Q: 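Right, I'll just put the structure down here and ask away after.
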Protein chains: 2
Amino acid sequence: MVQYMTTRLDTSFAALSDATRRGVLEQLGRADASITVLAETFHMTLTGMKKHVGVLEQSGLVTTKKIGRVRTCQLGPRRLEDETAWLERYRRRWDERFDELDKVVEELTRKEKSNERKNRK
Amino acid sequence: MVQYMTTRLDTSFAALSDATRRGVLEQLGRADASITVLAETFHMTLTGMKKHVGVLEQSGLVTTKKIGRVRTCQLGPRRLEDETAWLERYRRRWDERFDELDKVVEELTRKEKSNERKNRK
DNA sequence: CATATACTGAACCATATGGTTCAGTATTTA
DNA sequence: TAAATACTGAACCATATGGTTCAGTATATG
């Protein structure tokens with residue numbers, strides 16, 4: 001089940017690694033849109049946009065529904081919670097890590113000062 | 001400068017989209033490590049690991065220093081702040097969007113009930 | 001000095017990605 | 001019913017990705 005999580009993070013981070021797809025998500029945050037509208041907005045062929053939407057759909061970030069000849073895209077069920085959690089955990093670790101380093105530096109500085117004192121004698 | 005931001009999000013999300021690289025980041029969160037150690041941990045050739053480290057270095061998530069024949073890797077200067085910010089902004093949007101939908105549904109429900117009342121007459 | 005260690009770079013490979021065109025199908029609309 | 005619209009799928013293309021092997025170089029170590 002770690003494997004499962006891992007795979008999902010892979011696909012969602014990959015989905016987010018493209019500027020067009022992030023743009024689509026932002027746009028859908030404002031209003032639902034058809035493939036045609038999205039394709040025009042991002043200066044791309046319908047087929048190209050369809051692929052991006054496919055990727056977003058795969059990762060659960062977008063859902064689509066075809067009514068008549070129009071496929072309408074809207075934000076999907078995933079709220080990127082696991083991704084946010086991963087990033088936050090990482091940042092916590094990062095802070096801890098650098099606090100540690102700070103302490104080491106501090107320690108060294110302290111020793112240096114004490115050496116200075118010794119040298120002054 | 002939006003372009004600049006965009007490119008950076010591209011590369012950092014791409015860096016995070018690989019399980020091995022996320023693993024390396026977690027490991028480096030615990031302790032600095034050489035390429036050899038990382039390669040062993042993730043069952044990969046030195047060359048393969050070197051590439052992953054290269055990607056992480058490109059994205060500013062890792063820095064390395066070669067002392068003698070050993071290259072030591074440690075967490076880099078970037079704290080993934082922009083990435084976290086993007087995700088959080090997205091989630092806010094997502095919440096707003098679904099609140100809106102909720103209101104629409106509520107509105108419909110209200111109308112339905114009022115119709116029921118009318119029909120009962 | 002000889003050998004082992006740690007990395008590096010080039011070359012290769014299979015597959016994925018981000019895009020296109022072209023030739024459809026299905027649905028409006030005039 | 002004819003023409004326009006909206007999408008879809010296959011095929012193609014260039015480049016990127018994640019890995020390998022192999023042949024080095026540079027640095028310890030015995």
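Owing to the predicted nature of the structure, the values given are computational and were not obtained by experimental measurement. Chain naming here is simple, since letters A, B, ... match the order of the sequence lines and numbering starts at 1 in each. Below, all heavy atoms of this structure are taken into account, side chains as well, without hydrogens, waters or symmetry copies.
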Q: Does A/Lys66 place a side-chain N or O at less than 4.0 Å from the phosphate oxygens OP1/OP2 of D/dT8?
A: yes
Q: Taking the nucleotide of DNA chain C with the closest heavy atom to each, which residue, B/Ser34 or A/Asp18, is nearer the 5' end?
A: B/Ser34
Q: How are the rings of B/Phe13 and B/Trp86 set relative to one another: parallel (under 30°), tilted (30 to 60°) or perpendicular (over 60°)?
A: perpendicular
Q: Looking at C/dG18, I'd like to know if its phosphate oxygens (OP1 or OP2) sit under 4.0 Å from a side-chain N or O belonging to A/Arg21.
A: yes
Q: Report the residue (A/Gly68 or A/Ala14) whose heavy-atom-nearest nucleotide on DNA chain C is the more 5′ of the two.
A: A/Ala14
Q: May I have the distance from B/His43 (atom NE2) to D/dG19 (atom P), rounded to whole angstrom?
A: 13 Å
Q: Between P on C/dG19 and CZ on A/Phe42, what's the gap in Å once rounded to a whole number?
A: 11 Å
Q: Take the protein atom CE of B/Met44 and the nucleotide atom P of D/dT21, then report the distance between them rounded to whole Å.
A: 12 Å
Q: Check the distance between C/dT17's P and B/Asp10's CG and give it to me in whole angstrom.
A: 15 Å
Q: From NE2 of A/His52 over to C1' of D/dT8, roughly how many Å is that when rounded to an integer?
A: 17 Å
Q: Looking at every heavy atom in both B/Leu80 and B/Ser12, which two are closest together, and how far apart are they?
A: CD2-CB, 4.4 Å
Q: Grab the NZ-C1' distance between A/Lys51 and D/dC13 for me, whole Å please.
A: 10 Å
Q: C/dT29 C1' sits how many Å from A/Arg69 CZ, rounded?
A: 7 Å
Q: About how many Å separate CG of A/Leu75 and CG of A/Leu28, when rounded to the nearest 0.5 Å?
A: 5.5 Å
Q: Take the protein atom NZ of A/Lys65 and the nucleotide atom C1' of D/dT8, then report the distance between them rounded to whole Å.
A: 20 Å
Q: Can you find a side chain N or O atom of B/Arg71 that sits less than 4.0 Å from OP1 or OP2 on C/dT8?
A: yes
Q: Considering only heavy atoms and no angle criterion, is a donor-acceptor pair shorter than 3.5 Å present between the side chain of B/Lys50 and the base of C/dG9?
A: no
Q: Evaluate side chain to side chain contact (heavy atoms under 4.5 Å, CB included) for B/Lys65 paired with B/Ile67, printing each intermediate quantity in order.
A: CA-CA 6 Å; B/Lys65 191 163 50 159; B/Ile67 298 169; 4.3 Å; yes
Q: Quick check on DNA chain D: between B/Thr47 and B/Val55, whose nearest nucleotide comes earlier from the 5' end?
A: B/Val55
Q: Got a second to check how far B/Arg79's CZ is from A/Arg92's CZ, nearest 0.5 Å?
A: 11.5 Å
Q: Just to be sure I understand the rule, does A/Leu46 reach a base, reach only the sugar-phosphate, or reach nothing, if contact means heavy atoms closer than 4.0 Å?
A: base
